[in-house]
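So the structure is just underneath, and the comments pick up after that.
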Amino acid sequence: MTPLKVTAILASPIANKPPMLDGIIAREAYFRNQMHDLIITQRWQDIPPWTGEGIPILCRTCGGIVVPCASSPIYCDSFAYMERMAKRYPTESADLLCPKEQTKLETTAGPFKSSWRPVKSIPANEVVWFVVGNRRGLLKLLKRVDAIGPNRKCGYGRVKEWRIDRISDDWSWVCDGVLMRPLPRTDETMRLKGARPGYGAVQPPYWHPARVMEIVEPCF
Amino acid sequence: MNLELHAISESMSIITHNSGTAGNESLINLERIVTPNGARWVPFLSGNAIRNRAVREPGMRWLIELYELDGKLTKSQLAFLLNGGSLTESGGTENLGLIHRLRRTWPLIRLLGGSLPSQLLHGSLNVWRGTLVCEENRPHLRDVPEARLLSAESFLTNYQYTRTDSISQGTYRPIDVLAEADEVDAMPRLSGFDDKKDKSDRHPIQMIFNGQAVQRGSLWEHGFVIRNASQLRLGALLWSLCLWQRSGGTIGGAAARGHGRLRMYLIIESEEERERCHEAVREYVAYAASVKDEAVASLMEAFA
């Protein structure tokens with residue numbers, strides 16, 4: 001396991017914000033190795049304690065919790081803008097309905113509500129993560145990842161190329177005293193530069209409600 | 001294994017894939033591209049639109065016709081098939097048998113996914129955005145020539161139409177004209193037209209509406225990625241694209257006025273690959289016909 005800089009060269013904007021690298025890697029590793037107990041796809045599913053097994057990223061303990069050595073994504077947010085995603089009932093195909101279903105349809109509320117959903121779009125050319133891990137193992141898994149972030153099915157966050165470079169220092173948790181990723185809230189982590197107290201997850205899957213705890217997160 | 005298909009399309013008429021309006025002017029969809037000279041706004045075709053217009057709608061319409069579901073669908077079934085449906089019932093269970101049956105008998109649903117009232121069905125197709133072949137997009141394009149491309153700005157154009165009222169179309173004769181001909185009393189008044197309106201209606205009222213567009217002849221790069229691809233899913237995608245092209249291949253708004261026609265060319269590198277694509281389509285068409293009863297039954301079960 002060596003300190004690495006992972007770069008995703010992007011070919012389309014990312015929706016909302018880029019994900020944590022350990023989240024992507026864990027998901028890919030579990031699918032590839034068919035570790036079905038650890039594949040969580042729904043919020044209501046029970047989630048086992050995370051030990052970091054099966055992923056080519058070093059994990060250390062902080063405040064009694066296993067945390068992967070992978071920084072938060074670093075990207076340029078200055079050109080972010082809003083796009084819209086539309087959805088509406090196909091009223092032009094009403095002739096396909098059976099006659100008794102050809103009634104009035106509410107499109108402002110209910111199951112057939114039309115939407116004009118805003119999507120924050122970040123036109124970053126690249127996203128960088130600092131990790132401590134196995135370069136070959138990471139490359140093998142990332143080769144299968146062709147898009148990152150939400151709305152991938154609609155072309156957001158398309159990755160043109162993955163680059164993994166060896167670096168001399170470990171900047172996955174802390175770089176020059178500055179916090180680089182969410183960590184459990186302890187007296188020690190609260191003293192780090194740029195640390196902001198909050199609530200969230202420090203282990204994948206980051207979106208699961210059972211992972212939410214008191215954390216410190218970087219304020220960049 | 002993931003399968004990546006690339007395509008180039010040429011616009012055969014102006015493209016008006018809009019993002020909104022400003023007064024009477026419609027605005028096209030623009031994305032921000034960061035270049036060494038700063039951020040630039042460049043037209044694009046959203047993946048959402050391509051996914052729906054080029055894959056879901058033609059593919060599902062063909063299946064509806066094949067399965068003789070025309071005139072038999074409920075509102076929820078129609079929404080599920082043609083726009084993906086929506087999750088409306090909460091529940092902590094998944095009917096795995098139903099998911100399996102739907103995905104097995106409807107390869108297009110396996111490809112695109114959707115939302116049943118009580119559970120989500122994951123799809124396996126990622127559709128790229130339509131990227132305009134222009135200098136600003138050079139880093140994002142595949143196999144571009146070294147020569148400088150035109151900038152995105154040079155592809156932008158405008159269109160303008162005039163909507164006229166009934167006076168100028170001759171369906172109503174203005175009072176003044178009739179008065180000159182001494183026929184005022186003889187001519188019956190049109191219903192809904194009173195004296196108060198006379199002054200305003202004496203002159204034809206025309207509404208000018210216009211908008212931005214991308215010029216005819218512009219090129220767009222597309223891509224489709226099928227995750228864990230199978231022959232049937234590849235066939236479903238290719239057959240849907242084929243049906244879309246046969247029906248005019250339009251994208252964006254104002255298709256009724258002839259806007260938004262795209263001619264798509266799939267980039268297939270070898271003869272072997274071409275044969276595989278043809279074989280996939282033949283296999284899909286035959287499979288869809290062979291599972292007709294099961295497919296209809298699983299759809300009815302999902303919305304029972």
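Values reported hereafter were calculated over all heavy atoms of this structure, with side chains retained and with hydrogens, waters and symmetry mates removed. Only a predicted model underlies this, so the values are computations on that prediction, with no experimental measurement involved.
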Worksheet item: Which bit of A:R144 comes within less than 4.5 Å of chain B, counting heavy atoms only: side chain, backbone, both or neither?
Response: both
Item to complete: Give the member of B:N52, B:T88, B:D70, B:I50 that has the highest number of heavy-atom pairs under 4.5 Å with chain A.
Response: B:D70
Discussion item. Between B:R142 and chain A, with a heavy-atom cut-off of 4.5 Å, which part of the residue counts as in contact: side chain, backbone, both or neither?
Written reply: neither
Worksheet item: Contact part of A:I9 toward chain B, heavy-atom cut-off under 4.5 Å: side chain, backbone, both or neither?
Response: neither
Worksheet item: Measuring heavy-atom distances to chain B, does A:Y89 have an atom under 4.5 Å in its side chain, in its backbone, in both, or in neither?
Response: both
Discussion item. Using heavy-atom distances under 4.5 Å, tell me whether B:L141 contacts chain A through its side chain, its backbone, both, or neither.
Written reply: backbone
Practice prompt. Would you mind telling me which of B:N48, B:L82, B:N2 has the largest number of heavy-atom pairs within less than 4.5 Å of chain A?
Written response: B:N48
Discussion item. On the six-membered ring of B:W244, is B:R53 placed so that its NZ or CZ lies under 6.0 angstrom from the centre and within 45° of the ring axis?
Written reply: no
Worksheet, complete the sentence: From the list B:R61, B:R51, B:R32, the residue making the most non-hydrogen contacts under 4.5 Å with chain A is B:R32
Worksheet item: Does any heavy atom of chain A fall under 4.5 Å from the side chain of B:L87, the backbone, both, or neither of them?
Response: neither
Fill in: Engaged part of A:A86 at the chain B interface, taking heavy atoms whose separation is under 4.5 Å
backbone
Practice prompt. Before giving the answer on salt bridge (Lys or Arg N to Asp or Glu O under 4.0 Å), spell out for A:K120 and A:D77 the whole-Å C-alpha distance, their side-chain angles and the decisive distance to 0.1 Å.
Written response: CA-CA 11 Å; A:K120 184 187 172 188; A:D77 197 12; 3.5 Å; yes
Item to complete: Measure from NZ or CZ of B:R129 to the centre of the six-membered ring of B:F44, then state whether that distance is under 6.0 Å and the direction lies within 45° of the axis.
Response: yes
Worksheet item: Within a strict 4.5 Å, meaning less than it, do heavy atoms of the A:L97 and A:K100 side chains meet?
Response: no
Worksheet item: Strictly by modelled atom types, are A:Y81 and A:E83 linked by a side-chain donor-acceptor pair under 3.5 Å?
Response: yes
Item to complete: Pick one of side chain, backbone, both or neither for A:S121, based on which atoms fall under 4.5 Å of a heavy atom in chain B.
Response: side chain
Worksheet item: Measuring heavy-atom distances to chain B, does A:R152 have an atom under 4.5 Å in its side chain, in its backbone, in both, or in neither?
Response: both
Worksheet item: Counting a contact as any heavy-atom pair under 4.5 Å apart, which residues of residues 72-81 of chain B contact chain A?
Response: B:K72, B:L73, B:T74, B:K75, B:S76, B:L78, B:A79
Item to complete: Check each atom of A:P13 against the heavy atoms of chain B and say whether the ones under 4.5 Å are side chain, backbone, both or neither.
Response: side chain
Worksheet item: Side chains of A:Q203 and A:V66: does their closest heavy-atom pair fall under 4.5 Å?
Response: yes
Worksheet item: In terms of heavy-atom contacts, does CD of A:Q102 have more than 12 from other residues, nucleotides or ligands at under 6.0 Å?
Response: yes
Practice prompt. Against chain A, work out which of B:G71, B:G47, B:S124 has the most heavy-atom pairs shorter than 4.5 Å and name it.
Written response: B:G71
Fill in: Polar contact flag, side-chain donor to acceptor under 3.5 angstrom, A:Y75-A:N125
no
Worksheet item: Among A:P90, A:P123, A:C154, A:G155, which has the most heavy-atom pairs under 4.5 Å with chain B?
Response: A:C154
Worksheet item: Does B:L112 reach the side chain of B:L121, with side-chain heavy atoms less than 4.5 Å apart?
Response: no
Discussion item. Take a 6.0 Å sphere around CG of A:D95 and say whether it holds more than 12 heavy atoms from other residues, nucleotides or ligands.
Written reply: yes
Worksheet item: Highest number of heavy-atom pairs under 4.5 Å with chain A: which of B:L30, B:N126, B:N29?
Response: B:N126
Discussion item. Around atom CH2 of A:W171, are there more than 12 heavy atoms from other residues, nucleotides or ligands closer than 6.0 Å?
Written reply: no
Discussion item. Looking at A:K113, I want to see if its NZ is surrounded by more than 12 non-hydrogen atoms of other residues, nucleotides or ligands under 6.0 Å.
Written reply: no
Worksheet item: Of all of B:H140, B:E31, B:R227, B:E57, which one pairs up most often with chain A through heavy atoms under 4.5 Å apart?
Response: B:H140
Worksheet entry | Any donor-acceptor pair under 3.5 Å from B:T16 side chain to B:G253 backbone | yes
Discussion item. Taking the ring of B:Y67 and the ring of B:W106, is the distance between their centroids below 6.0 Å?
Written reply: yes
